[in-house]
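A short worksheet on the structure shown next.
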Amino acid sequence: MSGGTAGAAIGGVTTRQAGPGDAVGGVQPRWVVLPETVEEISAALRACAERDLAVVPAGGGTKLHWAPPPERCDVLLDMCCMNEVIEHAAGDLVVRAQAGATMGALAGALAAEGQELALDLPYPEDSTVGGTLATAGPPGPRAFRYGTARDLLIGITVVLADGTIARSGGKVVKNVAGYDLGKLFTGSYGTLGVIAEATFRLHPLPADRRWVIARLPSDGAAQRAAEAVAALAAAQAEPSAIEIDRPEPGGPITLAALTEGAAAAGRAAALRELIGAGEVAGEPPAWWGRISADEVLIELRFPPAATAAVLHAAEAARMALRGSPACGRLLLQSDRPIGEDDLAAVLSALRSGVEAAGGRAHVLALPPGRPYEKIDRWGHVGSLPLMRRVKERFDPGRRMSPGRFVGGV
Ligand SMILES: Cc1cc2nc3c(=O)[nH]c(=O)nc-3n(C[C@H](O)[C@H](O)[C@H](O)COP(=O)(O)OP(=O)(O)OC[C@H]3O[C@@H](n4cnc5c(N)ncnc54)[C@H](O)[C@@H]3O)c2cc1C
């Protein structure tokens, strides 16, 4: 984030004038507010409410270009000063951290006690706890065994648009009574309020790890990959993750499965035997768990049993494909912008194939600074009326990241 001259403190909280480096999806805020406590977040949001200022929360700023640009943004609420790991109860396998703590700092503190938050973030140095939750992934490889960020989150403290501080499991706050705050705020892209603190369930670091890596030639690759993924998912050797990578549409597919624990090597050998191909390695393939290009990023979700059909349908997009078919999630990635008309045609062909297989496709990222008005990022979302009601309850003035979520929420 860029510097600037000091501005008037909003709600008595440290504030600076925003610079061009603070823009969110091309929308320029006027101020950057830097709270140091939950109470300061609350004071800042109360002051913004009084002046009808729109607020976008920010962590490391690595994914501010994901999701549509906000309709307006007066204040960037930068969580960089709230970066503490508050409490690591190693005996209980639980950690509580401020939302501005980086995932790298968190991983370092946990590793010192032989534990981890099993999320597989590839670039943990800049990514924060709050940003990781607010974007909800996409899930890393080991979500197959340990679940997603939403599953590993066991407690959350949030601040709503009117300054109300609410804690899951804590004192009942009238306007959020009955809601599961952790589930709602995971994937909310800053549209419901600010995540201030989070508590996660942990796992012991595994004693050993092995990967089975098999390259499936182009001919019949989709069908073979689908069959191998299904066999691996049901295997007694219990892999922790099953991933595929297809850099060229219609080309060969690399399949990789991870085993963990003291018996990892033996279980990996059993998995290799099961699929009748590949080799066992002590290191993951270079692409493992990484999004290598997000000029255009499309997420596919589908029932795992529909993997073969989805792999065929995805060929229409002419993009690199990677992800976790056993969890029913794949990502199409492009390292170059795609013109609006071309992308609309790609999405239409993709959706007709993926939706016929019981899945859906939504656009996670597009190049910033262009309107892409013809692009329906979300496709059909059945729960839209419910999401609108939740937004109305949490942020009736539409001041929190307005327009960044499905249906213009
Ligand atoms: C398992 C997993 C694997 C991933 N793999 C990859 C990968 O391979 N490559 C890759 O590039 N990315 C990957 N990601 C995504 C990326 O790591 C996260 O999105 C990133 O951590 C965002 O952190 P940030 O602090 O930079 O967020 P920012 O970019 O600052 O913010 C992202 C969004 O979250 C909102 N937000 C931020 N902080 C808060 C808060 N405190 N309260 C409310 N809303 C907030 C912002 O308004 C914005 O909409 C992965 C994520 C997960 C969970």
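All ligand and atom numbering here is 1-based and tracks the order in the structure.
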Could you tell me whether some N/O pair between Pro57 and ligand 1 is separated by less than 3.5 angstrom?
-> yes
For the side chain to side chain donor-acceptor pair (under 3.5 Å) test, which of Lys391, Arg398, Arg399 pairs with Asp395?
-> Lys391
Identify which of Ile41, Leu121, Val159 has a heavy atom lying nearest to atom 51 (C) of ligand 1.
-> Leu121
Examine the proximity of ligand 1 to Arg404 and report which part, side chain or backbone, both or neither, has a heavy atom under 4.0 Å away.
-> side chain
Close approach of Pro124 to ligand 1, heavy atoms, under 4.0 angstrom | no
Under 3.5 Å, is there a donor-acceptor pair between the Ser292 and Gln333 side chains?
-> yes
Could you tell me which atoms of ligand 1, counted from 1 in the order shown, lie closer than 4.0 angstrom to a heavy atom of Met79?
-> 41 (N)
Any His65 side-chain heavy atom under 4.5 Å of Asp294 side chain | yes
Please confirm whether Gly61 comes under 4.0 Å of ligand 1, counting heavy atoms of the residue only.
-> yes
Got a sec, which pairs hit side-chain hydrogen bond (donor to acceptor under 3.5 Å, both in side chains) with one end in residues 373-382, sequence neighbours left out?
-> Asp341-Lys374
Quick one: which ligand 1 atoms are inside 4.0 Å of a heavy atom on Leu119?
-> 1 (C), 2 (C)
Using distance alone, decide if ligand 1 has a nitrogen or oxygen within less than 3.5 Å of any nitrogen or oxygen in Leu64.
-> yes
With a cut-off of 4.0 Å, which atoms of ligand 1 are near a heavy atom of Gly193?
-> 43 (C)
Pull out every atom of ligand 1 sitting under 4.0 Å from any heavy atom of Thr128, numbered as shown with elements.
-> 23 (O), 24 (P), 25 (O)
Pull out every atom of ligand 1 sitting under 4.0 Å from any heavy atom of Gly140, numbered as shown with elements.
-> 1 (C), 2 (C)
Would Trp288 and Leu258 satisfy side-chain contact (heavy atoms from CB on, under 4.5 Å), going step by step from the backbone distance to the final call?
-> CA-CA 10 Å; Trp288 180 263; Leu258 165 69; 3.9 Å; yes
Answer yes or no for Gly289: is there a heavy-atom contact with ligand 1 below 4.0 Å?
-> yes
By side chain to side chain contact (heavy atoms under 4.5 Å, CB included) - contacts of Ala90 (at least two apart) = His88, Glu113, Gln115
Does Arg246 come within less than 4.0 Å of Glu315, counting only side-chain N to carboxylate O?
-> yes
Intermediate values then yes/no, side-chain contact (heavy atoms from CB on, under 4.5 Å), Leu255 and Leu232 | CA-CA 10 Å; Leu255 171 71; Leu232 289 166; 4.1 Å; yes
Heavy-atom proximity to atom 22 (C) of ligand 1, best of Leu152, Thr62, Asp78 | Thr62
Are any of the N/O atoms in Asp120 less than 3.5 Å from those in ligand 1?
-> no
Close side-chain approach of Val27 and Val56, heavy atoms under 4.5 Å = no
Heavy atoms only: give me the nearest Ala277-Val212 pair and the separation to one decimal.
-> O-CG1, 4.4 Å
Taking only heavy atoms of Arg290, which atoms of ligand 1 are found under 4.0 Å from at least one of them?
-> 8 (O)
From atom 45 (C) of ligand 1, work out which of Ala67, Gly131, Ala134 has a heavy atom at the shortest distance.
-> Ala134
May I ask you to check if ligand 1 and Thr135 share an N or O to N or O distance below 3.5 Å?
-> yes
Answer with side chain, backbone, both or neither: which part of Ala149 has a heavy atom less than 4.0 angstrom from an atom of ligand 1?
-> neither
Relative to ligand 1, is Val56 under 4.0 angstrom through side chain, backbone, both or neither, heavy atoms considered?
-> side chain
Are Asp74 and Cys48 side-chain neighbours, meaning at least one heavy-atom pair lies under 4.5 Å?
-> no
Could you list which atoms of ligand 1 come closer than 4.0 Å to a heavy atom of Ile291?
-> 6 (C), 7 (C), 8 (O), 9 (N), 10 (C), 12 (N), 13 (C)
Based purely on interatomic distance, does Trp66 place a nitrogen or oxygen under 3.5 Å from a nitrogen or oxygen of ligand 1?
-> no
Side-chain contact test, heavy atoms from C-beta onward, threshold under 4.5 Å: evaluate it for Ile10 versus Arg51 and give yes or no.
-> yes
Would you say ligand 1 has an N or O under 3.5 Å from any N or O of Gly60?
-> yes
Taking C-beta and beyond as the side chain, do Ile298 and Met319 meet within less than 4.5 Å on heavy atoms?
-> yes
How far apart are the C-alpha atoms of Arg318 and Asp342, what are their side-chain angles, what is the distance that settles it, and do they pass the salt bridge (Lys or Arg N to Asp or Glu O under 4.0 Å) test?
-> CA-CA 11 Å; Arg318 317 292 312 154; Asp342 287 348; over 6 Å; no
Subset of ligand 1 atoms that lie under 4.0 Å from at least one heavy atom of Ser127 = 17 (O), 20 (C), 21 (O), 23 (O), 25 (O)
